Every structure is written in structure tokens, then in C-alpha cells.
Amino acid sequence: MKTFISAIATSCLLLAAGQSLAADKPTDPQIAHIAYTAGAIDVDAAKLALSKTKNKDVEAFAQSMKKDHEAVNEKALALVKKLKVTPEDNPTSQALAKAAKEKQAELSKLDGAAFDKAYIDNEVAYHKQVNGALETVLIPSAENKDLRSLLETGLKLFQGHEQHAEHVAMELK
Amino acid sequence: MISVPMKRRRFLLTGVVVAAGASLARAHNGKIHVAVENLTFSPADIEAKVGEIVEWTNKDPFDHTATVNGGWEVTIPAGQKATHLVTAGDTVEYYCRFHPNMKGHTKVVS
């Protein structure tokens with residue numbers, strides 16, 4: 001009986017959590033802003049890496065990040081223009097930008113192998129974080145099917161980046 | 001050169017077995033066409049004869065590669081085509097170096 005009651009209590013809690021998630025779910029203009037911000041952050045990180053690294057694998061990785069994220073952000077801009085959607089700044093975008101600024105400052109102080117390792121480790125963690133957000137929040141919340149399809153391509157792309165970063169991380173060890 | 005650990009290799013093999021039911025690319029004029037779109041090689045599985053040419057057409061805005069671990073690598077720039085001449089040892093799995101979640105397989109047939 002006790003177990004049964006606690007099971008009900010747990011499912012009520014889960015239900016409440018689900019509802020509050022649903023109420024807080026980002027709108028399409030916010031999702032577009034978050035996705036664009038996430039891409040722009042990685043382009044900036046890649047630019048810093050290209051100015052610092054002397055390691056060929058890290059350089060090739062950073063170049064790929066810069067090109068891929070710029071290309072996908074161009075697609076995103078073309079899509080919001082087509083849909084006549086104005087990306088809307090929001091707390092998630094702001095939190096991402098703040099964390100990225102702090103990480104950028106931290107990485108700027110490093111050089112050589114220490115920089116390479118810190119940059120690549122952060123790329124693995126960052127892509128993991130963004131992929132998690134895409135899978136659990138951004139893609140399920142997107143109302144427009146073109147936006148959702150672009151996010152799905154983005155997820156595949158970023159999952160590829162995560163694996164590429166993991167390969168480079170292994171090479172650095 | 002990027003090394004793929006044993007664990008990942010096994011995963012690649014498993015992927016190929018799962019994909020084996022997919023339709024195979026038909027060669028015409030000695031060329032086997034593989035589209036690269038939305039980070040997918042399509043078809044992922046091809047059969048080729050020695051001397052035939054595999055041609056990848058990259059429809060993505062991203063650069064890709066067809067890379068054989070410890071073997072050949074073809075760069076397929078965004079929006080462009082690239083080819084590979086099939087040789088006897090080309091029963092291989094390949095992947096994209098920039099996006100290792102993209103996988104393909106070639107099988108040499110006589």
C-alpha cells in the first residue's frame with residue numbers, strides 16, 4: 001500500500017513537471033535564436049582555436065566547425081527570412097552566451113598542448129550539451145515543420161561533430 | 001590520420017549488417033552513383049566491379065569525405081562531386097572524417 005501511494009505521488013510529481021515543461025517550452029522564434037546562438041558560439045571558439053593551435057588535427061577540426069556552423073546558420077537565416085520569423089532573445093540564449101564568454105576567456109589564457117586539450121574537451125562537452133537540448137527540448141517544441149527539419153539536420157551534424165571531437169581527443173592523449 | 005578504436009569498428013560492422021537490406025546502387029556507364037545529402041550516404045551499401053568508378057554527389061552545404069580507416073580517402077567538397085576507382089581490395093567500410101556518424105560500405109563483386 002505504501003509503495004502504491006508513493007508510486008502515485010511520484011507520477012503526480014512527474015505529471016506536474018511535464019506540465020510545467022510544456023508551459024515553459026520555447027516558441028519557434030526563441031528556438032531559432034537558441035540554435036543560431038549555439039552555432040555562432042562554436043564559430044567563435046573555432047576562430048580562437050585557428051589563431052592558437054599548431055596541431056594539424058585540431059586545426060582541421062576547427063576549420064570544419066567554422067565552415068559547418070557558418071553554413072548551417074546561413075540556412076537558418078534563410079529559413080527565418082522565408083518564414084518571416086524574427087528570432088527572439090531569451091534566457092536560454094543568454095545563458096549559452098554567458099557560459100561561452102567565460103569559456104572563451106579561460107581558453108584565451110592557454111597555449112600549446114594545454115590549449116588544444118582544453119578546446120577539444122570543451123567541444124566534446126559542448127556538442128553533447130547542445131545535442132541533448134536539441135533532442136529533448138528544441139526539436140519536440142518546434143511547431144514549424146521546416147524549422148524542425150533544419151534542427152534535425154543540425155542534430156545529425158552536431159552528433160557528427162561530437163564523434164569527430166572524440167576522435168581528436170583520443171589523438172591528443 | 002585518425003584511428004578508429006576497435007569498439008567503434010565493431011559498431012561500424014554492425015551498422016553495415018543492419019543496412020544490408022537497403023537497395024543497392026545500380027551501375028550504369030561503369031559509374032556507381034552515391035548521393036550525399038542530409039549527412040547520409042545514399043545508398044549506404046554498394047556493390048562494384050574492379051575498374052568501376054564510384055561517384056559521390058555532395059548535395060549538402062558541408063564538406064564530407066569518404067574515408068577508409070587505414071586506407072584511401074576521398075574529399076567531397078560541399079556541392080561538388082568526387083570519384084574513386086574501385087580496386088580488388090575495396091570490400092570496405094568507409095565513413096566521413098568530419099562527421100563519423102556517416103557510414104557507407106562497398107563490396108567488390110566479379
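Predicted model only: the values in this text are computed from it and were never measured. Just so it is clear: chains get the letters A, B, ... in the order the sequence lines come, proteins before strands, and each one is counted from 1.
- Side chain to side chain, A:His161 and A:His69 meet the donor-acceptor criterion of an N or O pair below 3.5 Å.
- Between chain B and the residues A:Glu152, A:Glu162, A:Gln159, A:Glu74, the largest count of heavy-atom pairs under 4.5 Å involves A:Gln159.
- Not one N or O on the side chain of A:Asp28 forms a donor-acceptor pair closer than 3.5 Å with the backbone of A:Ala142.
- Proximity to chain B is limited to the side chain of A:Ser64, based on heavy atoms less than 4.5 angstrom apart.
- Residue contact with chain B, scored on non-hydrogen atoms closer than 4.5 Å, is absent for A:Lys56.
- With a 4.5 angstrom heavy-atom cutoff, A:Lys156 touches chain B via backbone and side-chain atoms both.
- A pairwise comparison of heavy atoms in A:Leu110 and A:Ala114 identifies CD1-O, 4.0 Å as the closest pair.
- Proximity of a side-chain donor or acceptor of A:Lys52 to a complementary backbone N or O of A:Ser108 within less than 3.5 Å is detected.
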